Amino acid sequence: MSGLVNALVILAVAVVVIARQFGARRVSADRRWWLLPVVLGAMALSSPGLIDVHHRARSVFLLAAALLIAMATGAGWAWTTRIWVETDGRVWSRSTQASGAVWAVGVALRVGLIALGTTLGIHQDSHALLLGLACTLLVRSAILVARAQSLTPVTGPVPAYGDGMIRRADKERV
């Protein structure tokens, strides 16, 4: 695929995935949560231009740094996602404002790597972005599924904050 098509695929997938995560979504370990990241990763790895042949060492270093940033972004996104169990036992999740901040930091770091690569004269293919997105989604999904499996269903009424607190009678006035 051409660079423009890859960029559009990356943008479309990122927009759809991110927009969907800020609404409540059911988390299920039964679903194939790994399928989309694997497909995106396969698309990215199919390109011969992933590594700049004229600057192999620097290109591999930049790619490795980008993948580390992508994995850290996925982990940060997963751990800042709110997750809860409904009374019927289904697990739900919704990204928070902190999740948005994690994404913003991840994007800023990735832009910094692109700028560094451009300054060093390293050709960077859009497939590296696609591979990074795949890593982010895979790490996030894996952590969310693990978190969902560790939760226990709610069996009765959930106590509210302040329940069970001892209130002193001398402080109350009529």
Side-chain angles (χ1 to χ4, degrees), residues 1-23 25 27-83 91 93-150:
M1 279 195 269
S2 72
L4 179 60
V5 172
N6 281 340
L8 291 176
V9 167
I10 293 166
L11 182 64
V13 169
V15 166
V16 168
V17 168
I18 293 169
R20 289 177 62 190
Q21 299 311 315
F22 283 96
R25 304 263 315 150
V27 178
S28 173
D30 300 336
R31 295 175 54 199
R32 293 188 175 116
W33 53 267
W34 48 267
L35 188 59
L36 177 64
V38 168
V39 168
L40 292 175
M43 286 175 56
L45 293 173
S46 68
S47 169
L50 196 58
I51 306 284
D52 185 358
V53 294
H54 301 295
H55 305 94
R56 284 191 193 273
R58 290 180 181 171
S59 181
V60 168
F61 174 78
L62 282 179
L63 182 61
L67 292 179
L68 287 174
I69 289 170
M71 288 187 283
T73 301
W77 186 15
W79 286 108
T80 57
T81 297
R82 181 176 177 262
I83 189 167
V91 180
S93 71
R94 180 176 43 227
S95 293
T96 61
Q97 289 179 348
S99 304
V102 167
W103 262 99
V105 169
V107 167
L109 289 172
R110 185 67 180 118
V111 167
L113 278 180
I114 292 171
L116 176 64
T118 303
T119 302
L120 295 173
I122 299 170
H123 172 72
Q124 299 172 43
D125 201 341
S126 61
H127 286 84
L129 289 173
L130 193 59
L131 187 59
L133 180 60
C135 284
T136 298
L137 294 177
L138 186 65
V139 168
R140 180 195 181 270
S141 298
I143 291 173
L144 272 184
V145 167
R147 285 181 64 197
Q149 290 174 341
S150 71

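Since the structure is predicted, the reported quantities are computational estimates derived from the model, not experimental observations.
Summarising the geometry of H127 relative to A44, their closest heavy-atom pair is O-CB, 3.3 Å, with the distance given to 0.1 Å. Residues A78 and R147 approach most closely at O-NH1, 2.6 Å, considering heavy atoms. The two residues S141 and W33 come nearest to each other via the heavy atoms CB-CE3, 3.4 Å. Summarising the geometry of R110 relative to A128, their closest heavy-atom pair is NH2-CB, 3.7 Å, with the distance given to 0.1 Å. Across all non-hydrogen atoms, the minimal contact from T81 to S95 is OG1-OG, 3.8 Å.
A72 meets the side chain to side chain contact (heavy atoms under 4.5 Å, CB included) test with no other residue; sequence neighbours excluded. For the side chain to side chain contact (heavy atoms under 4.5 Å, CB included) test, residues two or more places apart in sequence or in another chain that qualify with V105 are L109. Scanning for side chain to side chain contact (heavy atoms under 4.5 Å, CB included) contacts around V139 gives M71, A75, I143, with sequence neighbours left out. Under the side-chain hydrogen bond (donor to acceptor under 3.5 Å, both in side chains) criterion, T73 pairs with no residue, sequence neighbours left out. Shown here are the side chain to side chain contact (heavy atoms under 4.5 Å, CB included) partners of T96, two or more places apart in sequence or in another chain: T80, R82, A98, S99.
For residues 113-123, no residue pair satisfies the side chain to side chain donor-acceptor pair (under 3.5 Å) rule, not counting sequence neighbours. Residues in residues 62-83 take part in these ring-ring contact (aromatic ring centres under 6.0 Å, His included) pairs, two or more places apart or across chains: W77-W103.
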Compile the donor-acceptor pairs under 3.5 Å between side chains in residues 53-62 and protein atoms, sequence neighbours left out, one pair per line.
| unit_1 | atom_1 | unit_2 | atom_2 | d |
| --- | --- | --- | --- | --- |
| H55 | ND1 | D52 | OD2 | 3.0 |
| S59 | OG | D52 | N | 2.9 |

Using a 3.5 Å cut-off and no angle test, enumerate the donor-acceptor pairs between side-chain atoms of residues 131-138 and protein atoms at least two apart in sequence or in another chain.
| unit_1 | atom_1 | unit_2 | atom_2 | d |
| --- | --- | --- | --- | --- |
| T136 | OG1 | A70 | O | 3.0 |
| T136 | OG1 | G132 | O | 3.0 |

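Side-chain atoms of L129 and I114, non-hydrogen and from C-beta on, do get closer than 4.5 Å to each other.
With rounding to the nearest 0.5 angstrom, the CG atom of L144 is 11.0 Å from the CD atom of Q149. With values rounded to the nearest 0.5 angstrom, L113 atom CG is found 4.0 Å from I69 atom CD1.
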task = Go through the steps to decide whether R94 and I83 satisfy the test side chain to side chain contact (heavy atoms under 4.5 Å, CB included), and finish with yes or no.
result = CA-CA 7 Å; R94 180 176 43 227; I83 189 167; over 6 Å; no
